[in-house]
K.L.:
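Next up is a structure, given as structure tokens.
Per chain, numbering begins at 1; letters A, B, ... match sequence-line order. Keep in mind that what you see is a predicted model, and the values were worked out from it rather than measured.
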Number of protein chains: 2
Amino acid sequence: MTEPTPEQIEKLAIAFERFTRRFKVAEAAAVMQNALNALDIQALLFIDDHPECNLGDVARHLQVALTTMSSSADRLVRRDMIERHRPEANRRSVALTITNKGSQAVAGYVDGYRASCKAMLQALDPVDQTEFLRLTQQISEYDD
Amino acid sequence: MTEPTPEQIEKLAIAFERFTRRFKVAEAAAVMQNALNALDIQALLFIDDHPECNLGDVARHLQVALTTMSSSADRLVRRDMIERHRPEANRRSVALTITNKGSQAVAGYVDGYRASCKAMLQALDPVDQTEFLRLTQQISEYDD
DNA sequence: AGACATACTACGAAGTTCGTAATATTCAAT
DNA sequence: ATTGAATATTACGAACTTCGTAGTATGTCT
């Protein structure tokens with residue numbers, strides 16, 4: 001692994017700052033659409049991916065206090081996005097599952113995210129598209 | 001300008017999700033360090049880039065209500081990160097300038113951001129580094 | 001059964017956002 | 001020079017979010 005030059009890092013920082021703005025805008029739009037805040041959306045995405053997970057799991061993943069997650073769950077339940085229920089196996093915990101309405105919200109968010117990804121790829125010609133994809137994957141798999 | 005395939009989009013979405021997490025963590029760390037919230041940090045970055053700017057400029061750029069920006073400026077002034085003063089040219093407005101302490105906070109944030117960029121580039125060999133940089137710049141310049 | 005750990009909820013304090021209204025200043029006519 | 005409208009910000013308060021403390025219910029271990 002060779003050290004990237006400061007100039008390269010600088011250029012990447014500028015470019016990255018610019019194209020991640022697109023994603024922030026997309027996320028903000030998703031927030032507006034369902035009147036959910038950023039935390040609640042992230043929680044919903046996690047619950048969608050981890051059915052029957054409990055509050056502690058989500059709080060740990062999102063690095064917020066347990067009570068904060070409890071409030072978030074309250075809001076999501078109130079909006080019919082998720083359901084709480086006590087599993088017989090361990091009745092101290094709550095199992096969180098997504099509802100149809102919650103799934104739709106997730107789908108909406110994911111669509112927005114994909115649209116941003118698509119817009120990025122469309123800036124490139126086909127050869128560069130596959131090249132960019134390869135490099136991006138390599139970076140995402142490289143765990144320091 | 002060819003349509004990317006759904007598979008490509010899907011793969012990019014997954015990879016992108018993963019490597020942007022690094023930036024979120026870096027930003028969260030910056031927030032912790034100075035006990036500033038995300039809005040205040042973004043405001044500080046803008047003020048650093050636009051000395052003598054006024055509240056409206058910042059509010060418009062960050063897409064928040066003017067009153068929200070006023071509160072943010074209160075907090076930044078209270079923490080000695082910026083200074084407000086009334087320019088003689090137009091005494092209705094306030095000119096915002098960064099202080100030494102504010103500059104240090106910006107430098108800390110920028111360092112964190114660059115470190116993330118560097119970590120990304122280090123996942124690639126030198127040839128791919130320049131290639132990735134080229135593609136990233138091309139995307140950031142497209143449709144702006 | 002008792003002691004302790006686990007998983008969550010209730011409540012309240014502190015902080016953030018933003019709408020409404022008020023203030024100060026500038027500009028443009030009259 | 002004065003009035004009126006436009007501009008730029010601040011004061012205030014309502015609604016909401018986060019999180020710490022304390023409490024409840026359940027599980028585990030001896």
K.L.:
Donor-acceptor pair, distance only, cut-off 3.5 Å: does the side chain of A:Tyr142 make one with the backbone of B:Leu121?
P.N.:
no
K.L.:
Indicate whether OP1 or OP2 belonging to C:dT9 is found under 4.0 Å from a side-chain N or O atom of A:Arg84.
P.N.:
yes
K.L.:
Under a criterion of less than 4.0 angstrom to any heavy atom of chain B, what are the 5'-terminal and 3'-terminal contacting nucleotides of DNA chain D?
P.N.:
D:dA6 to D:dA11
K.L.:
Assuming nearest nucleotide by heavy-atom distance, tell me which of B:Ser70 and A:Glu88 is located more 5' along DNA chain D.
P.N.:
B:Ser70
K.L.:
Would you say B:Asn90 places a side-chain N or O within less than 4.0 Å of OP1 or OP2 belonging to C:dT25?
P.N.:
no
K.L.:
Looking at A:Glu83, I want to see if its CD is surrounded by more than 12 non-hydrogen atoms of other residues, nucleotides or ligands under 6.0 Å.
P.N.:
no
K.L.:
Which label fits B:Phe132 and A:Phe132: parallel for a plane angle under 30°, tilted from 30 to 60°, or perpendicular past 60°?
P.N.:
parallel
K.L.:
In this structure, how many angstroms lie between the C1' atom of C:dT26 and the CG atom of B:Asn54, rounded?
P.N.:
14 Å
K.L.:
Separation of B:Gln42 atom CD from C:dT16 atom P, in whole Å?
P.N.:
16 Å
K.L.:
Counting any heavy atom closer than 4.0 Å, what does B:Asn37 reach on the DNA or RNA strands: base, sugar-phosphate only, or nothing?
P.N.:
sugar-phosphate
K.L.:
Starting from P on C:dT16, measure out to CD1 on B:Ile41 and report it in whole angstrom.
P.N.:
13 Å
K.L.:
How many whole angstroms separate atom CD of B:Gln63 from atom P of C:dT17?
P.N.:
15 Å
K.L.:
Can B:Asp74 and B:Arg84 be counted as an ion pair, charged N to O under 4.0 angstrom?
P.N.:
yes
K.L.:
Of all the nucleotides listed (C:dA5, C:dT25, C:dT17), which has the minimum atom distance to the side chain of B:Arg92?
P.N.:
C:dT25
K.L.:
Under a 4.0 Å threshold between the charged nitrogen and the carboxylate oxygen, would A:Glu3 count as salt-bridged to B:Lys118?
P.N.:
yes
K.L.:
Please report, rounded to the nearest Å, how far the C1' atom of C:dT6 is from the CG atom of A:Leu66.
P.N.:
10 Å
K.L.:
Without decimals, in angstroms, what is the distance between A:Met69 CE and C:dA10 P?
P.N.:
15 Å
K.L.:
How many Å lie between CZ on A:Arg86 and C1' on C:dT9, as a whole number?
P.N.:
8 Å
K.L.:
Which part of the nucleic acid, if any, lies within contact of A:Ser93, taking any heavy atom under 4.0 Å across all strands shown: a base, the sugar-phosphate backbone alone, or nothing?
P.N.:
sugar-phosphate
K.L.:
Which residue, B:Asp57 or A:Val64, contacts DNA chain D at a nucleotide closer to its 5' end, judged by nearest heavy atom?
P.N.:
B:Asp57
K.L.:
Have a look at A:Phe46 and tell me which of A:Val58, A:Leu96, A:Leu62 forms a side-chain contact (heavy atoms from CB on, under 4.5 Å) with it.
P.N.:
A:Val58
K.L.:
Are A:Arg134 and B:Asp128 within salt-bridge range, i.e. N to O under 4.0 Å?
P.N.:
yes
K.L.:
On DNA chain C, does the nearest nucleotide to A:Ser71 precede the nearest nucleotide to B:Arg75 from the 5' side, or the other way round? Give the residue.
P.N.:
A:Ser71
K.L.:
Please state how far atom NE2 in A:His85 lies from atom P in C:dA7, giving the value in whole angstrom units.
P.N.:
17 Å
K.L.:
Tell me whether the side-chain N or O atoms of B:Arg91 pair up with the base of C:dT25 as donor and acceptor below 3.5 Å, since no angle test is needed here.
P.N.:
no
